[in-house]
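These notes are about the structure you will find just below.
In what follows, residues are counted from 1 in the order of the sequence shown.
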Amino acid sequence: MSLQDGLSEAWWKPGPRMKSAARSALDLLFPPQALDDGPRPLATGLTAAGWSQISFLDDPVCDGCGTPFEYPLGEGVRCAACMARPRAFDRARAACLYDDASRGPILQLKHADRTDLAPLFARWISRAGRRLLEDADAIAPVPLHPTRLLGRRYNQAAEIARPLSRLARVAYLPDALVRVRATQTQGGKSGSGRRRNVAAAFHVPASRAKQVAGKRILLIDDVMTTGATVEGCARALLKAGASCVDVAVVARVKEAANTTI
């Protein structure tokens with residue numbers, strides 16, 4: 001690159017101060033609204049009262065599926081369910097519980113075109129899944145089937161995974177995993193029913209196999225109920241040569257039975 005090209009590029013490329021000024025101008029024109037319909041916040045997110053209602057998950061949790069424990073049981077301890085039936089993924093973490101307080105913001109991202117919430121959820125996950133991010137070689141989102149993607153116009157898991165990869169400085173693999181079979185909704189199905197529903201639904205294309213071979217992949221989704229979907233994804237990644245698969249989600253359901261997402 002010539003000196004002239006470098007100066008030209010520096011002239012038009014916005015710096016941090018210009019970006020901050022642009023955000024301030026947009027906030028002035030379109031003030032951020034609280035997700036919980038409370039007083040107007042300084043940035044996109046919840047009011048102080050809304051924050052206090054979110055059941056954020058910290059240790060102690062099961063090292064396998066991330067379900068919260070009532071009291072500490074020791075480093076790396078897994079719940080009875082994980083010990084009885086080992087999962088295809090190695091570890092899972094969730095930023096919060098999926099309940100009345102967290103459901104609204106998550107569904108706004110998933111069904112109401114509120115992709116502006118994705119960076120907020122990425123920050124939540126970066127805190128809850130910091131150890132998984134430290135170990136990850138790459139981040140991949142749970143994919144949508146093309147027909148569902150066409151109807152929704154975006155993949156909420158990808159919207160979260162993209163800013164998370166930038167935040168954690170971990171490689172992002174947007175299309176390493178594809179959904180090759182359209183599945184029914186998981187809502188209302190039992191654990192075994194959910195596993196049958198997503199059986200062989202995910203695949204790593206041959207052209208993308210090199211991206212995952214020998215890598216520790218961190219799989220990103222919005223909500224985990226029984227874990228059937230992320231297990232299906234993990235099996236596909238492991239079959240393609242991934243050394244290990246971890247999972248990080250915005251929220252997890254504490255009681256999976258009859259839960260509709």
Side-chain angles (χ1 to χ4, degrees), residues 45-46 51 54-69 72-79 81-82 86-99 101-103 105-106 109-110 115 117-143 155-174 176-177 211-212 215-235 237-238 242-254 256 261:
L46 299 165
W51 275 100
I54 299 290
S55 299
F56 288 104
L57 295 177
D58 294 305
D59 289 336
V61 298
C62 169
D63 193 49
C65 68
T67 192
F69 288 147
L73 297 175
E75 185 74 20
V77 172
R78 305 203 168 199
C79 67
C82 285
R87 313 264 186 163
F89 54 84
D90 187 35
R91 298 173 296 175
R93 293 294 184 274
C96 64
L97 286 181
Y98 187 76
D99 54 19
S102 65
R103 183 181 296 110
I106 292 171
L109 168 64
K110 192 166 187 173
T115 54
L117 301 179
L120 174 67
F121 293 146
R123 291 194 294 274
W124 289 11
I125 289 178
S126 70
R127 178 179 177 276
R130 58 188 179 278
R131 293 182 183 177
L132 307 190
L133 285 164
E134 290 171 357
D135 296 338
D137 296 311
I139 290 173
V142 169
N155 176 2
Q156 73 276 2
E159 294 299 316
I160 298 168
R162 190 184 307 112
L164 179 63
S165 72
R166 292 195 295 265
L167 187 63
R169 298 184 179 181
V170 177
Y172 176 47
L173 306 179
L177 192 63
Q211 293 181 330
V212 304
K215 303 290 181 61
R216 186 165 196 136
I217 307 297
L218 180 58
L219 193 63
I220 303 299
D221 205 1
D222 54 351
V223 179
M224 185 170 77
T225 306
T226 64
T229 298
V230 289
E231 277 203 271
C233 292
R235 290 192 184 95
L237 290 166
L238 293 171
S243 63
C244 186
V245 178
D246 292 324
V247 175
V249 298
V250 179
R252 65 157 293 121
V253 175
K254 191 171 184 180
I261 306 301

Check: Arg127 main-chain N/O paired with Arg130 side-chain donor or acceptor under 3.5 Å: yes

From CD1 (Ile160) to OG (Ser165), nearest 0.5 Å: 12.5 Å

Listed partners of Arg91 passing salt bridge (charged side-chain N to carboxylate O under 4.0 Å, His left out), at least two apart: Asp135, Asp246

Salt bridge Arg235-Glu231, side-chain N to carboxylate O under 4.0 Å: yes

Close side-chain approach of Asp221 and Val247, heavy atoms under 4.5 Å: no

Atom pair CG/CG of Leu173 and Leu218 - distance to nearest 0.5 Å: 11.0 Å

Set of residues satisfying side chain to side chain donor-acceptor pair (under 3.5 Å) with respect to Asp137, sequence neighbours excluded: none

Side-chain touch Phe89/Cys233, heavy atoms, less than 4.5 angstrom: no

Polar side-chain atom of Arg93 near backbone of Cys65 as donor-acceptor pair, under 3.5 Å: no

Note: Asp99-Arg252 ion pair, threshold 4.0 Å (strictly below): no

Close side-chain approach of Val142 and Val249, heavy atoms under 4.5 Å: no

Residue pair Leu177, Ile217: steps toward the side chain to side chain contact (heavy atoms under 4.5 Å, CB included) verdict: CA-CA 11 Å; Leu177 192 63; Ile217 307 297; over 6 Å; no

Under 3.5 Å: donor-acceptor pair, side chain of Ser102, backbone of Leu97: yes

N/O donor-acceptor pair under 3.5 Å between Asp63 side chain and Glu75 backbone: no

Electrostatic pair Asp90-Arg78, nearest N-O below 4.0 angstrom: yes

